[in-house]
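In this text the structure is predicted, and so the values were computed from the model without any measurement. FYI, side chains are in, hydrogens and waters are out, and symmetry mates aren't considered; it's all heavy atoms of this structure. As the structure lists them, so they are numbered: ligands from 1, and atoms in each ligand from 1.
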Amino acid sequence: MSPRTLVAGNWKMNGLKASSAMLEELARAHPSPVCDVLVCPPSTLVAAFAGGAFPIGGQDCHWKASGAHTGDISAEMLADAGASAVIIGHSERRADHGETDAMVSNKTEAAWRAGLVAVVCVGETEAERDAGETLARIGSQLAASIPDGATAANLVVAYEPVWAIGTGRTPSLEEIAEVHDFMRKTLSDRFGADIAGGVRLLYGGSVKPSNAAEIFAIKNVNGALVGGASLKAEDFGGIISAAG
Ligand code: PEP
């Protein structure tokens with residue numbers, strides 16, 4: 001049986017306290033969503049939004065529980081603020097903050113230590129795709145970014161081709177299927193079919209209401225990580241509806 005579809009919204013550096021109105025509008029339109037929904041606002045809003053209609057996640061965490069790390073927040077702090085999950089290793093963190101696979105692995109361990117679901121992001125650059133290196137890149141990221149101890153309950157993996165994020169461009173359905181089949185097999189070889197079969201594999205990169213249904217119909221796609229379209233109730237709601 002396929003795991004329940006998850007539609008996760010990554011608000012990035014967008015959103016103020018008043019953005020709670022968007023979540024209220026979304027909840028009114030989708031009182032019983034046909035899928036799991038996760039909203040990942042900036043960390044300043046986690047405590048304000050937690051306990052509302054939708055589970056709340058962070059967008060990053062440090063690998064230490066506390067200490068002299070100015071500007072960082074720990075997984076324990078996110079959990080304390082009411083988060084149930086955290087995005088780790090987003091390509092913008094990897095590019096803007098030099099996050100390596102080893103750091104992503106440490107952060108994933110920290111998320112699990114704090115009882116959070118880790119949404120670990122992987123994805124190739126356009127140059128890597130053009131060079132025919134997509135599967136090799138995804139394989140090495142999966143191997144080095146995910147520590148031992150993964151379960152179907154504590155891990156979600158998001159495949160986000162870097163060149164598809166915020167660009168309006170998406171891979172073909174066949175290209176998405178190829179990567180998702182590869183990720184399932186890779187996780188299966190390492191963690192066993194039972195665990196790997198339950199890990200949600202999300203696609204991310206320019207998902208919108210108009211392309212969500214065909215993406216969700218791909219075998220081994222168990223949902224989406226949504227950036228820009230998660231900021232508007234109508235668009236995010238349209239993607240949630242497409243999961244039905
Ligand atoms: C993202 O950054 O996780 C993302 C998928 O962005 P977008 O949907 O805007 O391409």
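Looking only at protein heavy atoms, the nearest one to atom 2 (O) of ligand 1 is Lys12 NZ, 2.5 Å. Of the protein's non-hydrogen atoms, the one nearest atom 4 (C) of ligand 1 is Gly227 N, 3.5 Å. Among all protein heavy atoms, the one lying closest to atom 5 (C) of ligand 1 is Glu160 OE2, 3.0 Å.
Partner of Tyr159 under the side chain to side chain donor-acceptor pair (under 3.5 Å) criterion, chosen from Glu124, His180, Gln141: Glu124.
The atoms of ligand 1 that sit less than 4.0 Å from any heavy atom of Gly228 are 7 (P), 8 (O), 9 (O). The distance from ligand 1 to the heavy atoms of Ile165 drops below 4.0 Å at these ligand atoms: 1 (C), 2 (O), 4 (C), 6 (O), 10 (O). For ligand 1, the atoms closer than 4.0 angstrom to any heavy atom of His90 are 1 (C), 2 (O), 3 (O). In the vicinity of Gly166, heavy-atom distances shorter than 4.0 Å reach the ligand 1 atoms 7 (P), 9 (O), 10 (O). Of all the atoms in ligand 1, the ones that sit under 4.0 Å from a non-hydrogen atom of Ala164 are 10 (O). For ligand 1 and Ser206, the ligand atoms under 4.0 Å from any heavy atom of the residue are 7 (P), 8 (O), 10 (O).
Between Gly205 and ligand 1, no N or O atom pair is found at a separation short of 3.5 Å. Inclusion of Thr167 in the set of residues having an N or O under 3.5 Å from an N or O of ligand 1 is not warranted.
Note: the hydrophobic cluster containing Val179 does not contain Val162 (ILVMFWY, side chain heavy atoms under 4.5 Å, direct or indirect links).
Here Arg94 does not pair with Glu160 in a salt bridge; the nearest charged N to carboxylate O distance is not below 4.0 Å. Ionic pairing of Asp189 and Lys185 is present here: one or more N-O contacts between side-chain nitrogen and carboxylate oxygen are shorter than 4.0 angstrom.
Side-chain atoms of Asp181 never come within 3.5 Å of backbone atoms of Glu178 as a donor-acceptor pair (strictly under, hydrogens ignored). Checking side-chain atoms of Asp101 against main-chain N and O of Ala143 turns up no donor-acceptor pair under 3.5 Å. Arg113 contributes a side-chain N or O that, together with a main-chain N or O of Trp63, makes up a donor-acceptor pair within less than 3.5 Å. Counting only distance, with no hydrogens or angles, the side chain of Arg200 and the backbone of Ala158 share no donor-acceptor pair below 3.5 Å.
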